[in-house]
Amino acid sequence: MTLWIAFLVLLPPMVGGAEEVVVAVASNFAPVAEGLAEDFAASTGHEITLVAGSTGKLYAQIVRGAPFDVFLAADTARPARLVADGQAIPDARRVYAVGRLVLLGRADDLPTQVGPELLATGTFRHLAIANPSLAPYGVAAREVLRALELDVVLADRLVFGENIGQTFALVASGNAELGLVAQAQVIGDPARRSAAWLVPARHHAPIRQEGVLLARAAEKKSARAFLDYLATDEARRAIEAAGYEVP
Amino acid sequence: MSFASVDPTPIWITLQLAAWTTGLLFMVGTPIAWWLARTESRARPLVEAVTALPLVLPPTVLGFYLLILMSPEAPLGRLWLSATGDTLTFSFSGLVVASMIYSLPFMVQPLAAAFEGVGRGPIEAAASLGASPFDAFLRVAVPLSRRSFLTAGVLTFSHTLGEFGVVLMVGGNIPGATRVLSIAIYDHVETLRYAEAHALAAGLLVFSFAVLVLVYAFDRRARVRVG
């Protein structure tokens with residue numbers, strides 16, 4: 001009898017009941033993830049808790065046993081490493097968004113329109129990019145400068161944000177006249193968009209952001225469902241509208 | 001641990017930053033501490049609060065406002081830019097300015113406590129013997145407080161060594177110019193280079209601990225009143 005009652009009490013969360021999914025998300029994607037989490041919760045009843053941070057920091061926390069179910073990284077390297085170490089599920093890995101870079105300026109400060117010519121003129125003091133040793137957007141930014149053959153000329157104009165968010169802040173606060181930031185940071189703001197140049201995708205390797213199911217949530221259907229949800233047309237439209245490309 | 005692979009440049013920059021900050025704060029902090037110890041002005045609590053603020057504020061708050069204040073669009077940043085041709089943010093000078101604010105209480109508080117300890121008696125005696133106020137300060141108050149000058153200097157120096165949040169915001173992490181020790185450690189941790197992170201972090205830990213032991217062994221009165 002006691003067993004039976006215990007079974008009844010435990011039953012609801014196990015079949016069809018609402019579960020809580022903890023998602024560690026790269027800071028750059030956090031604003032989009034909030035909207036996606038709400039939509040997912042509305043259609044499934046599962047609760048999503050988002051923990052935003054830099055990919056490197058979140059990775060270090062996961063390795064130390066942080067209670068996350070899903071990891072939405074800003075690169076493919078950390079998810080690959082988690083899979084290799086047995087801390088993530090190999091068949092539950094997918095690129096959920098591809099980042100695009102824009103060259104952002106402050107229209108009133110600059111002599112010409114924001115574009116590659118402006119970079120070449122050198123009539124600016126600082127170009128902010130994300131730190132290439134920490135941030136995938138920084139790696140891409142360095143590739144762009146190399147593709148434009150400006151990496152040597154501009155080497156002493158570079159200042160580094162710890163991540164793409166801080167890089168954006170360096171430009172937005174007026175300390176750097178120019179910055180290579182994420183399109184997602186600019187797309188919602190018409191004033192900023194008008195002072196930005198979308199860097200052609202051919203100038204850098206794609207900034208693939210990969211999501212992965214973590215080992216501790218291997219059996220958690222709701223966690224896997226959230227990863228699957230990111231590939232639905234509805235989610236893809238939202239991700240595209242936020243300034244990313246989708247695979 | 002692979003100590004050999006550690007880039008020593010951030011250590012050198014950090015030591016220079018701490019030395020400049022300490023030297024300049026001796027000049028700025030001493031008059032403030034002297035004034036605080038002797039004034040009967042009603043503005044005293046205000047000035048005391050301002051000098052203690054960096055102790056209680058998160059460094060990101062300081063860094064955020066410094067980023068705005070030092071920007072070429074703000075008066076301070078514009079003035080600096082027109083005077084030197086270089087922006088205050090992303091420069092070593094900017095880090096020195098930021099560190100002086102960040103470390104101000106570590107200079108002012110031990111000195112103010114020492115000057116209060118000297119009291120009015122010796123200063124008045126000096127005055128009655130014909131010493132000017134500056135003379136009395138230099139010949140009486142300073143020698144009587146020399147231990148606290150050492151404490152204040154050492155605390156300011158070592159506190160600046162560990163600075164992180166402020167330089168993260170205003171420094172721009174430029175190798176060879178503004179990438180200080182704490183930022184280098186942070187970079188190493190984020191890129192999973194734990195051996196290098198350990199080497200730098202352990203060095204800073206041992207150094208800071210040794211400094212504090214020396215300070216407390218040397219002068220038991222001049223503790224910084226944190227919080």
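Per chain, numbering begins at 1; letters A, B, ... match sequence-line order.
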- Counting only N and O atoms by type, is there a donor-acceptor contact under 3.5 Å from the side chain of Gln166(A) to the main-chain atoms of Leu168(B)? yes
- Test item: Asn175(A) side-chain N/O and Leu67(B) main-chain N/O as donor-acceptor pair under 3.5 Å: yes
Counting only heavy atoms not in [X], do more than 12 fall under 6.0 Å of its [atom1]?
{"X": "Phe64(B)", "atom1": "CZ", "answer": "no"}
{"X": "Arg216(A)", "atom1": "CZ", "answer": "yes"}
{"X": "Trp20(B)", "atom1": "CH2", "answer": "no"}

- Note on the structure: Whatever's closer than 4.5 Å to a heavy atom in chain A on Leu81(B) counts as side chain
For the student: nearest non-hydrogen atoms of [X] and [Y], plus distance:
{"X": "Phe90(B)", "Y": "Ala176(A)", "answer": "CE1-N, 4.1 Å"}
{"X": "Leu170(A)", "Y": "Met169(B)", "answer": "CD2-O, 3.9 Å"}
{"X": "Gly174(A)", "Y": "Pro72(B)", "answer": "O-CD, 3.3 Å"}

- Task: Tell me, out of Ile68(B), Thr87(B), Asp86(B), Val170(B), who's got the most heavy-atom pairs with chain A below 4.5 Å.
- Result: Thr87(B)
- Message: Tell me which of these, Val189(B), Ile183(B), Asp187(B), has more heavy-atom pairs under 4.5 Å with chain A than the rest.
- Response: Asp187(B)
- Task: Show your working on side-chain contact (heavy atoms from CB on, under 4.5 Å) between Leu158(A) and Ile174(B) and close with a plain yes or no.
- Result: CA-CA 8 Å; Leu158(A) 296 182; Ile174(B) 302 166; over 6 Å; no
